[in-house]
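Please read the structure below before turning to the comments.
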Amino acid sequence: MNDPSAEVAPWDMMAVAMARLLKSGETVFHGVASPLPMVATLLAKRLHAPDLTYLNITGSVDPQPAALPVSTVDPALLAGTRSLVTLADLFDLSGRGRLDVAFLSGVQIDGEGRINLSAIGDWKHPAVRLPGGAGSAMLMPTARRVILWRTRHDPRTFVERLDFVTAAGNVDRVVTPLGIFVRHDGRLEVESLHPGVTPEAFREATGFAVDVDERTPTTPLPSDEELAALRMIDPEGVVSSEFQ
Amino acid sequence: MNDPSAEVAPWDMMAVAMARLLKSGETVFHGVASPLPMVATLLAKRLHAPDLTYLNITGSVDPQPAALPVSTVDPALLAGTRSLVTLADLFDLSGRGRLDVAFLSGVQIDGEGRINLSAIGDWKHPAVRLPGGAGSAMLMPTARRVILWRTRHDPRTFVERLDFVTAAGNVDRVVTPLGIFVRHDGRLEVESLHPGVTPEAFREATGFAVDVDERTPTTPLPSDEELAALRMIDPEGVVSSEFQ
Amino acid sequence: MIDKTTTLTEAISAIPDGARIALGGNTLHRGPGAAVHELVRQGKRNLELVKTAGAYDVDLLCAAGCVAAVSAGFIGYETPFGMAPAYRKAVESGRVQAREHACATVIAGLRAAIQGAPFMPVAGLQGSDLPAARGFRTVRDPYSGVEVYVVPALVPDAAILHVQEADATGNGRIIGTRFEDVLMAQAARRVILTAERIVDGEAFADAPETVAIAGFLVDAVVEAPGGAWPFSCTPLYEYDTDYLAAWVSAARDPDTADRFIAERILDPAAAVA
Amino acid sequence: MIDKTTTLTEAISAIPDGARIALGGNTLHRGPGAAVHELVRQGKRNLELVKTAGAYDVDLLCAAGCVAAVSAGFIGYETPFGMAPAYRKAVESGRVQAREHACATVIAGLRAAIQGAPFMPVAGLQGSDLPAARGFRTVRDPYSGVEVYVVPALVPDAAILHVQEADATGNGRIIGTRFEDVLMAQAARRVILTAERIVDGEAFADAPETVAIAGFLVDAVVEAPGGAWPFSCTPLYEYDTDYLAAWVSAARDPDTADRFIAERILDPAAAVA
């Protein structure tokens, strides 16, 4: 029990890492099936970004939900909102360049930070029909910063070549259970490895070439303050639901 | 006092004539500065067109105002509405072919039923800058039927040639203090003369050639029922305000 | 005032095979569950379903053989239940065509329909394979010369929406999130409203801001208590976790899906709504 | 929460000469009267005014020499007071450019701005001289080949809106008709809200449907009781018939208009709002 990283669940590490990427004053959006972004955004707002504007598909603005829903489109996320906007309003906000951050994900993610949520195999005759990219094809080129997250980090997810490019655009960071990518000059680079993750493990889990070694920084562990705030926001542990 | 037409004010005659043109089940819209259409629509709804849908710029649907405002954009016209739509919604309704009737007017009206609300003289360097056509350039080609009304019937209003075509489109009828035009094959024809109006007077008041003689029908006088309903809807006589 | 109230059977029987139907709600929430079940019971065929993000509605209708195409941005149950197995199989087998959209392009297509425009420009889409795959074209802005993607008008033959309260003339009050219901009500040629309860609409005049669906856009109103089930209907009930889990499990295999539909939807004794 | 409250002087001083300003309300109703008077007092120049249907606001600003262009569908006082004399003279003399729109093309231009699209298609306009006079172009629908008029994006530098209630973070409750205020708040680069009163926004959470302006779109909030005057502000006050009649009468002649402005707007002792 000497390794404090063993006590931090991967969902907690991811939520905290995602929250740290948000700044006060930013407009931040997540869509369907996004428990980690929901928790991360509320966490950032409680900690270092009180003036962040939290937006989601329910149309709430800065809701203060008493309990977090597992479905991130749940009208439970309306609690406390002082106005109602629509999903169309939020796409418009992004379209005119006023959405600062969109959280998106991909079943496949390539080395440019492009995503596939459409199909495995041929799009017209797919081996696996995936759910579809929801708002991503519109949001990824128009949001100022896109933060990707994915709870799986393996070579089938982080691939050399996407079967289909559902969306491409302004990816800034990619957060996984193993570490954080940052995009420089159009390519994903490793920014940090989460505590306990070796460069070899990260390299083997990634299907495209990455430059990672013992000099690669380590993501700071969640602080006591961060973990306490996380427990306060999400006592039921909805943040872990994406890992089931 | 043998001529009953002498007792009917021109605004009453016009309001009743306009009301008769509306049918139950139709969606009917008027815009700014439209006391006569406001009264006519409410009158039709009370008399023969109970299922007409009355729409206006306040965004009300079938309002039941206790007293009529002189300004036809007045939020007083919201009274009793069960939903709020916007002016944009109403233009959209027309754009997709679902607006049955739009009431519009013109400072100049030509023999094709086109209107000028923009300028007298050269549009770029106008002798008189007029208010502008409001919604007419969009509504006239898209509403299923356009009913024009104008409280002035003289050769400066009904002209051979417009100084500027603000709007053109689906004009069905034109109602004036002297009579009613109907459009056939793209030309305004005289449908009826109001009681007491001679063919000569009508011809002299109209700046384009019209076919009118003693065989031209006479607009039926407002019935007692029509006048009683008119007084009930508009006890203050807002209907006359366009004649001041 | 026109009384537009009718039965669910009547309202749904007006929808022909091959119709393009917009379904209200979003993923697990305020979908028109009862109406979807009635579509299954009436054995509709070759429907095109329109939604930004669908779940049980699209999945069930695919399993029941009602669907030819799905125009949507996302089909799945979100985290609780994962992917939509029957939809997935139907597309993979070629029985159903996935007319994949971004959610924003569904909205753009509905907006074009609403405005009577043949197409709607939409920001974004650059770098995506979707425009080529779907045939979305660009046009050049005649003012700036910039190329922008445009989406063709998406006109539903019918929109089926479930609301908490409606009056007999079709005014529909939505409590909470409206999702794309208002756009669908404007874009569709025909609007069918199911409502938890039908109320005297005079009360709506006190708070018309809450009446999301204007009655004059609506063709049929059906009183359907519990009519969103198994979707949620705020604040009356949550989505039915047990039922949806049972369905998703059954939907993985065509035979168990058929049996589930026969026993829990088609069997009058089991009438679900 | 960011406290965005400020004074009218501060809020209006952030608007530079030459700005394109969208003004809320419609004809005689809920225009931002106090803010318009402050624009006059601060001697703004070369503004472009954007509105579907304007009246006193546009007329006064033209008389006061603040305006270079007016992008609107209708400028007039409706039946009670007729045409807008100062606007009319300003256009006829060439001092102000009438960028005439249909009200629907103002809305289309705002919609393009809102959506981040370079242009917006708009139904209608066929047969009108407006497209040629204004340079509105058509584009060919790449799907059907149909030609449709498109309007360029109309992005206001600022929108000035008057509402009945606001909270300090910019949420604005509009009672009654919203006119084009919501579109303006979304389209503009900067939003200034004046409000009859500033309230604790917690109460807004009980009826968010009535909050037409979302606070995160707003930059400045000014408490301005009577701030629509001489426009109406439902349900608090009607438009000021006597004042408007006096103004319209004065506005027919530049000298009397100047005197009216000096005595009733510029003179601090007569402070109108």
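Convention: sequence-line order gives letters A, B, ...; per-chain numbering from 1.
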Any salt bridge between C/Asp57 and C/Lys51, counting N to O under 4.0 Å?
yes
Under 3.5 Å, is there a donor-acceptor pair linking the side chains of C/Glu78 and C/Tyr239?
no
Does either side chain, that of C/Thr52 or that of C/Glu180, offer a donor lying less than 3.5 Å from an acceptor on the other one?
yes
Segment of C/Arg140 engaging chain D (4.5 angstrom heavy-atom cut-off):
backbone
Is chain D contacted by the side chain of C/Tyr143, its backbone, both, or neither, given a heavy-atom distance below 4.5 Å?
side chain
Charged N to carboxylate O below 4.0 Å: is that the case for C/Asp167 and C/Arg173?
no
Which region of D/Arg178, side chain (C-beta onward) or backbone (N, CA, C, O), has a non-hydrogen atom less than 4.5 Å from a non-hydrogen atom of chain C, or is it both or neither?
side chain
Answer with side chain, backbone, both or neither: which region of D/Val151 has an atom nearer than 4.5 Å to a non-hydrogen atom of chain C?
backbone
Do you know which of D/Ala104, D/Ala153, D/Pro152 has the most heavy-atom pairs with chain C at a distance under 4.5 angstrom?
D/Pro152
Do the side chains of C/Arg20 and C/Asp157 get close enough for a salt bridge, i.e. N-O under 4.0 angstrom?
no
Is the backbone N or O of D/Arg45 less than 3.5 Å from a side-chain atom of D/Asp17, with the two atoms forming a donor-acceptor pair by type?
yes
From the list C/Pro121, C/Ala108, C/Ala123, C/Ala117, the residue making the most non-hydrogen contacts under 4.5 Å with chain D is C/Pro121
Checking heavy atoms, do the side chain of C/Val148, its backbone, both or neither come under 4.5 Å from chain D?
side chain
